[in-house]
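Within every chain, numbering begins at 1; the chains are lettered A, B, ... in the order of the sequence lines, protein sequences first and strands thereafter.
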Number of protein chains: 2
Amino acid sequence: MHPLDATRALMEGLGSESSICMKCGSRSVGLCAPLDAAALDDMSGESERLAFDQRDAIFRQGDAARHVYTLTEGMARLTRVLPDGRQAVIGFRFAGDILGFTPEAEHAFGAEMLTRGTVCRLDRRRLEQMFRRYPVMERRFLDLCVKELSASQDHILALGRFSAEERVAAFLVSLAEAQERRGHVGPVFDLPTTRADIGEFLGLTLETVSRAVSSFRKRGWIRLHGHSGIELSDRNALACLAAGEGADAA
Amino acid sequence: MHPLDATRALMEGLGSESSICMKCGSRSVGLCAPLDAAALDDMSGESERLAFDQRDAIFRQGDAARHVYTLTEGMARLTRVLPDGRQAVIGFRFAGDILGFTPEAEHAFGAEMLTRGTVCRLDRRRLEQMFRRYPVMERRFLDLCVKELSASQDHILALGRFSAEERVAAFLVSLAEAQERRGHVGPVFDLPTTRADIGEFLGLTLETVSRAVSSFRKRGWIRLHGHSGIELSDRNALACLAAGEGADAA
DNA sequence: ACGCATGTTTGCTCTGGATCAAGAAGAAAC
DNA sequence: GTTTCTTCTTGATCCAGAGCAAACATGCGT
């Protein structure tokens, strides 16, 4: 399961040279990966690069959807506000992920940075033009959407049928995989989300998330390094719990 | 919210003459709607029409994804089996909906008929050819995917933050809307799903679904007609509850 | 019409996670 | 360094919904 990492599949289809979008300016964005040199050249003039601080909103729910964004550095949170004022986190996004693409006139959710970072912004009408000029790019979007849909369905399963600890374990493993896929090495990962964010994503309260994390810590499965570092010492145990295989080591 | 009705948006964009796919043989499928006469002609030879009985599987999780299906009559259920054997219903589909489109080699979920019905089957490689010949069709798929993604996110919100009664109310309203969008008139709707199906879709047990339904019945919001007929007598009350506006009529 | 299978309702108990409350630990500001 | 703010942890209680069990419908096959 990879509920928070929609581009996993996008990456898989690519050679390693374009595996992560570390240099949007040098035109190796995930989105642009299938384009040849000429097309990339065409594309390059169309996009702007923007820097954001922690907590800055990239776009807000209800904003006119005039742009499409590629997150080039950092981590972001996607949030949706319900009519009654409750807020929910519907996902997290990392470097290389595409944000805010929709055929609708308005963004159905907002995106906020969890860390400082940079974003590559493209005018939507220009993107549509690019689609017409380079159909392979539209195909890429379609594949990505189907993958993301599949990830959403995994998340739906998790919310509907998994216990609190199973969900938190799945989240941690998923987070680690997402960071590794983007070149992270070593057992200590960034955890730039608050307990409240995780809770709102997993359909739990922040206290329940905290209790699950404490429980993992007491079992020796994880170690915390300050407020934003986490070490998965027994990743296998977490993965087993996440897969619903509570106790099968006899 | 319309968690179980992914083609809602597909329909909205169309003139009424092609609003529902009642005659796949006569080439008015939702999928084919944006095609002109020549393209439709091209398409018609490529598809097969199949009839299914209640409970028949259209395809199973893990099957090679060699075909794409359009449900032309009846209602189907999409299910996914978890590694530990638990089953979850991830959605319902109606006439006009597309089933089983994926860039993967295997179907990630299974589809079973809840009623008798018919399905229009298209070879996936032929569909890819059609995409190349008629790019507008690929665009249609993309739009549909984005819409479906948005519906999934709604469902994620519902699972994460709504109470049992709110979820059941939302489901009933959504079901009614889906049937009306397909030409249904009158206050009595088909409810071909069992309580267990609804529960597995909403992340609840069948008993909890039954209790919610009974509670609505006692409040006079719905009436049951046999096991598969339901009348929404006070649809507004259900809709308010579904929207999280528990009590705001002062 | 009868019997059987499948699905539904309802009652009861129990538990996982929500909720409320208080403190502890980091991080940032001065 | 100290203060202050935010986030995290932990404890205690409560309740929505799960789980179990026992009738109760509905509809199908014969």
Side-chain angles (χ1 to χ4, degrees), chain A residues 53-55 77 86-89 112 114-116 158-172 188 190-219 222-230 241 244 246, chain B residues 53-55 77 86-89 112-116 158-172 190-219 222-230 241 244 246:
Chain A
D53 268 338
Q54 195 178 6
R55 291 175 206 228
R77 175 183 79 167
R86 281 178 288 190
Q87 180 182 276
V89 173
E112 298 102 42
L114 290 171
T115 62
R116 338 179 85 253
L159 288 180
R161 319 220 72 80
F162 288 176
S163 72
E165 288 200 349
E166 285 170 342
R167 292 183 221 178
V168 176
F171 173 81
L172 294 177
V188 181
D190 258 13
L191 187 64
T193 60
T194 65
R195 302 284 186 270
D197 282 332
I198 301 171
E200 277 172 21
F201 179 61
L202 298 176
L204 302 169
T205 59
L206 67 93
E207 293 95 329
T208 301
V209 174
S210 180
R211 273 185 255 268
V213 169
S214 294
S215 161
F216 296 158
R217 187 164 39 75
K218 282 170 191 156
R219 277 178 249 174
I222 63 171
R223 294 180 64 191
L224 298 179
H225 299 268
H227 265 172
S228 65
I230 185 166
L241 180 59
Chain B
D53 267 339
Q54 196 178 6
R55 289 171 208 232
R77 175 182 79 166
R86 282 178 288 189
Q87 178 183 276
V89 173
E112 299 103 42
M113 294 302 298
L114 290 172
T115 62
R116 340 180 85 252
L159 288 180
R161 317 220 74 80
F162 287 177
S163 71
E165 288 199 351
E166 285 169 342
R167 292 183 222 177
V168 175
F171 172 81
L172 294 177
D190 257 14
L191 188 64
T193 60
T194 66
R195 300 286 184 268
D197 282 332
I198 301 172
E200 276 172 23
F201 179 61
L202 298 177
L204 302 169
T205 59
L206 67 93
E207 293 95 328
T208 300
V209 174
S210 180
R211 275 184 257 269
V213 169
S214 294
S215 161
F216 295 158
R217 188 163 39 75
K218 281 169 193 159
R219 279 179 247 173
I222 62 171
R223 295 180 62 191
L224 298 178
H225 299 268
H227 264 176
S228 65
I230 183 168
L241 181 59

Quiz item: Starting at the 5' end of DNA chain C, which residue's closest nucleotide do you reach first, Glu165(A) or Arg217(B)?
Solution: Arg217(B)

Self-check item: Near-strand residues of residues 207-215 of chain B, defined as heavy-atom separation under 4.0 angstrom from DNA chain D
Solution: Glu207(B), Thr208(B), Arg211(B)

Exercise. Grab the CD1-C1' distance between Ile230(B) and dT8(C) for me, whole Å please.
Key: 13 Å

Quiz item: Roughly, in whole Å, what's the span from CZ in Arg55(A) to P in dA27(C)?
Solution: 14 Å

Quiz prompt | First and last nucleotide of DNA chain D, 5' to 3', lying under 4.0 Å from heavy atoms of chain A | solution = dT7(D) to dA12(D)

Practice problem: Looking at every strand, decide which applies to Leu224(B) at a 4.0 Å heavy-atom threshold: base, sugar-phosphate, or nothing. | Solution: sugar-phosphate

Practice problem: Kindly say whether Phe162(B) contributes a backbone atom to a donor-acceptor pair with the side chain of Arg167(B) at under 3.5 angstrom? | Solution: yes

Quiz item: Does a donor on one side chain and an acceptor on the other come within less than 3.5 Å for Ser215(B) and Arg211(B)?
Solution: no

Quiz item: So, do Arg77(B) and Thr193(B) sit near enough that their side-chain heavy atoms are less than 4.5 Å apart?
Solution: no

Quiz item: Whole-Å distance between dA18(C) P and Arg195(A) CZ?
Solution: 15 Å

Quiz prompt | Exercise: identify the closest heavy-atom pair between Leu191(A) and Ile230(A) | solution = CB-CG2, 4.1 Å

Practice problem: Check whether more than 12 heavy atoms from other residues, nucleotides or ligands sit under 6.0 Å from atom CZ of Arg219(A), and answer yes or no. | Solution: yes

Quiz item: What is the minimum heavy-atom distance between Phe201(B) and Leu159(B), and which atoms define it?
Solution: O-CD2, 4.1 Å

Practice problem: Please determine, for the side chain of Ala164(A), which listed nucleotide (dT9(C), dG17(C), dT6(C)) has the closest atom? | Solution: dG17(C)

Quiz prompt | Spacing of Ile222(B) atom CD1 relative to dT9(C) atom C1', expressed in whole Å | solution = 13 Å

Quiz item: How far apart are the closest heavy atoms of Arg161(A) and Glu200(B), and which atoms are they?
Solution: NH1-O, 3.4 Å

Quiz prompt | Heavy-atom donor-acceptor pair, Ser210(A) side chain to Leu206(A) backbone, under 3.5 Å | solution = no

Exercise. Pick base, sugar-phosphate or nothing for Leu204(B), based on heavy-atom distances below 4.0 Å to the nucleic acid.
Key: sugar-phosphate

Quiz item: Does Ser163(A) or His225(A) map to a spot on DNA chain C nearer the 5' end, using the closest nucleotide for each?
Solution: Ser163(A)

Self-check item: Gln54(A) side chain vs Leu114(A) backbone, donor-acceptor pair below 3.5 Å
Solution: yes

Practice problem: Using a heavy-atom cut-off of under 4.0 Å over every strand shown, decide if Thr194(A) touches base, sugar-phosphate, or nothing. | Solution: sugar-phosphate

Quiz prompt | Nearest-angstrom distance from the residue atom CG of Leu206(B) to C1' of dT9(C) | solution = 10 Å

Quiz item: Counting any heavy atom closer than 4.0 Å, what does Gly199(B) reach on the DNA or RNA strands: base, sugar-phosphate only, or nothing?
Solution: nothing

